[in-house]
2 protein chains.
Amino acid sequence: MASQTVPQATAERLPLYYRTLQQLVANGKTRISSSKFGELVQIDSTTIRKDFSYFGALGRKGYGYDTQYLMDFLKKTLYQDELNRVILIGVGHLGTALLNHNFLKNNNTQIVRAYDVDPKKIGTKVSGTKVFAMDELAANDHHEIVAAILTVPAAQAQEAAEKALASGIRGFLNFSPTTLNLPENAYVRHVDMTVELQALIYFLNHSMETKNS
Amino acid sequence: MASQTVPQATAERLPLYYRTLQQLVANGKTRISSSKFGELVQIDSTTIRKDFSYFGALGRKGYGYDTQYLMDFLKKTLYQDELNRVILIGVGHLGTALLNHNFLKNNNTQIVRAYDVDPKKIGTKVSGTKVFAMDELAANDHHEIVAAILTVPAAQAQEAAEKALASGIRGFLNFSPTTLNLPENAYVRHVDMTVELQALIYFLNHSMETKNS
DNA sequence: ATTCATTTGTTCTTTATTTCACAATCCTTA
DNA sequence: TAAGGATTGTGAAATAAAGAACAAATGAAT
């Protein structure tokens, strides 16, 4: 429903644009044309200009785009000018890796607490983040938390998501290899490594129609 | 180029279909209709029927789809009936998590060797997988390897990918937060957690146009 | 100042994907 | 074995996204 004037495909490209602009600014580039930028992100320059145009006239004809200005604009648009607090559910191999990763570097996001079922992990700190008992999850107040990162086994994902939802969380980054069934007011993005790997293998084999040697 | 009769969007859904069918078969379901299946994977039933139709008539009118038959068909189509050997480049937090994960369980894929620059890691085994020196990468023969999983820092990703390419690898699952610049005969899928997190936050804020309390 | 090269913003065209609608067909049950 | 309900497979329509083309505007150079 929502009066979404920006196409979904455009919105999904914004983070890539933002990161690339961060690099350009860091390297001292003050301006860039849509075609040069397109080469960097491997997206057609027309698509880039059209993407930006949904937000108004961000560039100047004959000049291109001011990297600093554009970066700042995207920073606000992506809410990266404020700290985004998230929780992590499931302190296994992947969960631990994400806790160590620390999104704060390039991403104004902080994992403020973690949850797990393992009594050995509960109460400990992993890379500075305290681990709480899964039982507490549903009862806690997480209305200040923007999202939950789900790194539990597939069998527990649905239940964990429901508990997080009960605690006030509406956004989910789901790393568990299963489809979540949540009410409409929740929003889920699924990162599925198994799917990606299988898709990769499929496309590799099917682009070899023109196989040589 | 390649005579790709199956739409890209369809191909990208096949792994999800496959995994869901595996679960159905494991649970003893012998048949399923496109609408029931659609509920499970949260995809419109028409889309599912059309997706399958690109491969011929896989179902039976008035009956639905035979889960075992369909699963076996997708298994072959996705090359999951043979072992897919991959290598992993970058034994950091995420790389280690993936080595521990072991794709063999649900995915007929094995990480057969890993590469890293850290002398402390070289020569050791991580979760049963031996770690080799990054220097050896380009010189090795990896024509039997279907893909490389890239989990190195952004600054090293391009160089690492080029070495893998030189060793005979054409498929890449790129977890590094940077765009790879590779020749046309290489195929890259990018899994970008930072991008996913930012996109999630963007959509959360922009679907709240109809915000209540 | 004037000219020329550059580059945006945008309209129009093309391609890709999803959804609708329904005839054809098969299953099931009496 | 006949009738009725279920469900597929698929053309046609609708929607979404990408790409081509170019006028309008700007910057740079003389």
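We name chains A, B, ... by the order of the sequence lines, and we start the count at 1 in each one.
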Nearest-Å distance for atom pair CG/P, residues A/Leu58 and C/dG9
7 Å

Are side-chain N/O atoms of A/Tyr17 and A/Arg19 paired as donor and acceptor at under 3.5 Å?
no

In whole angstrom, what separates A/Lys36's NZ from C/dT8's P?
11 Å

Strictly below 4.0 Å: does A/Ser34 bring a side-chain N or O up to OP1 or OP2 of C/dT8?
yes

Nearest-angstrom distance from the residue atom OH of A/Tyr65 to P of C/dT6
17 Å

Provide, to the nearest angstrom, the distance between the CD1 atom belonging to B/Ile48 and the P atom belonging to D/dT10.
16 Å

Under 4.0 Å between a side-chain nitrogen and a carboxylate oxygen: does that hold for A/Lys76 and A/Glu82?
no

A/Ser33 has a side chain; which of D/dA17, D/dT7, C/dT8 sits nearest to it?
C/dT8

When only distance counts, do a donor and an acceptor, one from the side chain of B/Lys50 and one from the base of D/dG11, lie under 3.5 Å apart?
yes

Minimum-distance nucleotide (side-chain atoms of B/Arg13 versus C/dT10, C/dT18, C/dA24)
C/dT18

side-chain N/O A/Arg49 vs D/dA21 OP1/OP2, d < 4.0 Å:
no

Would you mind reading off the distance between A/Asp44 atom CG and D/dA17 atom C1', rounded to a whole angstrom?
12 Å

Can you work out whether A/Gly62 or A/Gly59 has the more 5'-proximal nearest nucleotide on DNA chain C?
A/Gly62

So, do A/Phe172 and A/Tyr187 have ring centers that fall under 6.0 Å from each other?
no

Under 4.0 Å: is that the gap between some side-chain N or O of A/Arg60 and OP1 or OP2 of D/dA25?
no

If you look at every strand shown and take non-hydrogen atoms under 4.0 Å, does B/Thr46 touch a base, only sugar-phosphate, or nothing?
base

Could you give the CZ-to-C1' distance, from A/Phe37 to C/dT8, as a whole number of Å?
15 Å

Across the strands shown, which category fits A/Phe52 at heavy-atom distances under 4.0 angstrom: base, sugar-phosphate, nothing?
nothing

In plain terms, say whether A/Glu184 and A/Arg170 are close enough for a salt bridge, that is, a side-chain N and a carboxylate O under 4.0 Å apart.
no

From the options C/dT10, D/dA24, D/dT8, select the nucleotide whose nearest atom is closest to the side chain of A/Lys61.
D/dA24

Distance check needed: D/dA18 C1' versus A/Gln8 CD, whole Å only.
16 Å

For C/dT28 and B/Arg31 - does any side-chain N or O of the residue sit under 4.0 Å from the phosphate oxygens OP1/OP2?
yes

Would you say B/Thr47 reaches C/dT19's phosphate, i.e. side-chain N/O to OP1/OP2 under 4.0 Å?
yes

Are the side chain of B/Gln158 and the backbone of B/Asn181 linked by a donor-acceptor contact shorter than 3.5 Å?
yes

Separation of B/Asp66 atom CG from C/dC27 atom P, in whole Å?
12 Å

